[in-house]
**Q** 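Before I ask anything, let me first share the structure, which is written out below as structure tokens.
Order of listing sets the numbers, starting from 1, for every ligand and every atom in it.
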Amino acid sequence: QESPRLYTREEVRSHSSPETGIWVTLGSEVFDVTEFVDLHPGGPSKLMLAAGGPLEPFWALYAVHNQSHVREILAQYKIGELSPDDKAASILKTSDPYADDPIRHPALKVNSQRPFNAEPPPELLTENYITPNPIFFTRNHLPVPNLDPDTYRLHVVGPPGGQSLCLSLDDLYQFPKHEITVTLQCAGNRRSEMTRFKEVRGLEWSAGAISTARWAGARLFDVLAQTGHQLSATEAHVCFERLDSDPTGTAYGASIPLARAMDPEAEVLLAYEMNGQPLPRDHGFPVRVVVPGVVGARHVKWLGRVSVEPEESYSHWQRRDYKGFSPSVDWDTVDFDSAPSIQELPVQSAITQPKDGETIESGEVTVKGYAWSGGGRAVVRVDVSLDGGLTWQVAELDGEEQRARKAWAWRLWQLQAPVPAGKKELNIVCKAVDDSYNVQPDTVAPIWNLRGVLTGNRRSEMTRFKE
Ligand code: HEM
Ligand code: MTE
């Protein structure tokens, strides 16, 4: 076997621009990733932060890279190793940016520890109409900041000729307090079902990337009005940015159309309470955005800045993620600019009891689950089939009554049904119908997409009976 080519750290460092080529190191290995920079799913500018040096400090933060498919991509670009002297020096002591994350509830099913992503187990998800704070699903892209409520300030940029605001928590409490029940769902909810059909890139969420809380705070409308912002005739967007940026200078950000923000009926909140408590750290302490009826990604946590811009947020998570594509689009052909950012979500439902593959007593079966639709569309019906979709029964809806066009929260549902004698197995299927008569597609094939978002196919589960 040929011995690898050796490079000094100095040589690697001198390859940090498109003219010289872009090199990086991982451990003692050296890679020329010039060709990959424009293909990077996280964007070229992020990758460039590591140009000419080690990946470890960045990958410690973006732990999505600790996956075999990422390592395989990198391996294609290997050009050699660090020289022995530099090898020793390359063992970097990277401090753990996640060391200060809060302690979590042990019932949560963890899909990724760093950043922390976890969902309540199906056994608990629909036990309560309001999800208790400690088991509310958590979707973090970065470490959780530890913000001091006394020095916290929210910057709201005013229009030309208007007034910008720098609000303390006490200032925010002076606005009328508005409280609403809102279900939050991540665009990746139920992604694992898409993965089973065909591989996608993303965290493996089961059906628990959805939860419901009573949120209280100031209406965004009231705050924007005080700065002098008005509904404009031209297209505009309200951009939200998280307060502290990580060591790479990245802050989570997202935006919603100004028309939604300025519509008092849309009830967009700058929330400081969740189920009567200050927001837990994982859910955005001290202030987060709550955008009823809209995908979780726009509900920016640890909010630091609000501004009105002619274009959508330039954040990675607005422009290069959280978009839907045709099943025919793959990572070589995807053009993120060609698709709109996800805002309102489609109609959704899932079974939480019995669990898929569970063996139960024969006789009667109790099926339970949740149903929800985006954009304030109410769930008018949930249909359940015990025979794989041939015949259907209507489930009973529980939970708060929904308001027309402002149905922000889910309905829980259940069906109790006798099981035909002699049956050994049931294929239970559920589907919800919203008040625009949107229904869920039968299968995942027509809605499969490379990022595994917007899973809304009807849910199908197998249940067996004890002999
Ligand atoms: C996402 C590869 C360097 C930041 C990704 C993904 C791949 C990848 C394959 C998609 C992962 C998935 O969703 O499963 C690489 C390779 C790199 C590199 C091969 C080195 C040559 C970096 C650096 C940074 C970075 C240095 C940070 C400063 C990101 C971000 C995402 C990402 C922010 C999106 C994460 C998310 O969706 O939450 N990268 N990456 N990457 N990468 Fe990199
Ligand atoms: N806000 C910040 N600052 N950082 C994040 O990583 N994740 C978003 C959104 N707001 C995120 C964020 C995504 S993708 C979702 S689905 C929701 O927060 C999840 O909110 P939760 O963790 O309170 O359930």
Side-chain angles (χ1 to χ4, degrees), residues 22-26 31-37 39-51 53-77 112 115-120 131 133 136-145 183-189 199-203 205 208-211 213 215 240-254 271 274 279-285 288-291 294-304 315-317 320-322 331 342 345 450-453:
I22 315 289
W23 293 9
V24 293
T25 64
L26 187 69
F31 306 89
D32 177 351
V33 293
T34 318
E35 304 271 281
F36 178 71
V37 176
L39 305 174
H40 180 227
S45 64
K46 292 262 176 14
L47 196 157
M48 286 304 290
L49 292 166
L55 289 168
E56 282 91 339
F58 301 97
W59 283 12
L61 201 60
Y62 293 96
V64 290
H65 297 95
N66 295 329
Q67 300 185 74
S68 55
H69 80 93
V70 179
R71 299 301 162 109
E72 282 160 24
I73 293 171
L74 190 62
Q76 299 166 24
Y77 299 105
S112 130
F116 189 73
N117 288 286
E119 59 190 298
T131 317
N133 289 352
F136 197 98
F137 89 96
T138 301
R139 203 308 174 223
N140 292 339
H141 285 276
L142 292 164
V144 177
T183 295
L184 234 90
Q185 183 182 216
C186 185
N189 190 28
E199 200 192 332
V200 302
R201 256 179 220 168
L203 284 167
W205 292 103
I210 183 168
S211 299
W215 304 93
F240 307 114
E241 237 173 67
R242 103 173 221 173
L243 195 70
D244 59 334
S245 50
D246 66 43
T248 70
T250 307
Y252 187 90
M274 181 176 177
L279 296 182
R281 278 183 61 207
D282 261 330
H283 301 292
F285 181 82
R288 82 173 304 166
V289 186
V290 171
V291 197
V294 163
V295 64
R298 314 296 164 224
H299 301 228
V300 175
K301 305 190 271 191
W302 314 294
L303 186 64
S315 154
H316 168 79
W317 295 279
R320 293 284 171 272
D321 201 351
Y322 298 109
W331 286 101
I342 302 171
L345 284 170
L450 76 175
R451 200 66 173 94
V453 290

**Q** With sequence neighbours left out, what residues match Ser45 under side-chain contact (heavy atoms from CB on, under 4.5 Å)?
**A** none
**Q** Can you name the residues that form a side-chain contact (heavy atoms from CB on, under 4.5 Å) with His316, not counting sequence neighbours?
**A**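 For His316 the side-chain contact (heavy atoms from CB on, under 4.5 Å) partners, ignoring immediate neighbours, are Lys46, Arg320, Asp321.
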**Q** Residues in side-chain contact (heavy atoms from CB on, under 4.5 Å) with Pro280, at least two apart?
**A**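 Expected list: Asn133, Met274, His283.
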**Q** With a 4.0 Å heavy-atom cut-off (strictly under), which part of Trp317 contacts ligand 1: side chain, backbone, both or neither?
**A**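 Looking at Trp317 and ligand 1, just side chain atoms fall under 4.0 Å.
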**Q** Determine whether the side chain, the backbone, both or neither of Glu72 has a heavy atom under 4.0 Å from any heavy atom of ligand 1.
**A** neither
**Q** So for ligand 1, is His65 a polar contact partner (N or O within less than 3.5 Å, distance only)?
**A** yes
**Q** Report yes or no: does Arg320 have a heavy atom closer than 4.0 Å to ligand 1?
**A**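 Not so, Arg320 does not reach ligand 1.
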**Q** Taking 4.0 Å as the limit for heavy-atom contacts, which would you say applies to Phe31 with ligand 1: side chain only, backbone only, both, or neither?
**A** neither
**Q** Can you find an N or O of Arg139 that's nearer than 3.5 Å to an N or O of ligand 1?
**A**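 Min N/O separation from ligand 1 is not below 3.5 Å for Arg139.
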**Q** Which class fits the ring pair Phe136 and Trp215: parallel under 30°, tilted 30 to 60°, perpendicular over 60°?
**A** perpendicular
**Q** Would you say Lys46 and ligand 1 have an N/O pair spaced under 3.5 Å apart?
**A** no
**Q** Select all protein residues for which some heavy-atom-to-ligand 2 distance is less than 4.0 Å, and list them by chain and number.
**A**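 Lining ligand 2: Phe136, Phe137, Thr138, Arg139, Asn140, His141, Leu184, Cys186, Arg242, Tyr252, His283, Arg288, Gly296, Ala297, His299, Val300, Lys301, Trp302, Tyr322.
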**Q** Does ligand 1 have any atom sitting under 4.0 Å from a heavy atom of Arg451?
**A** yes
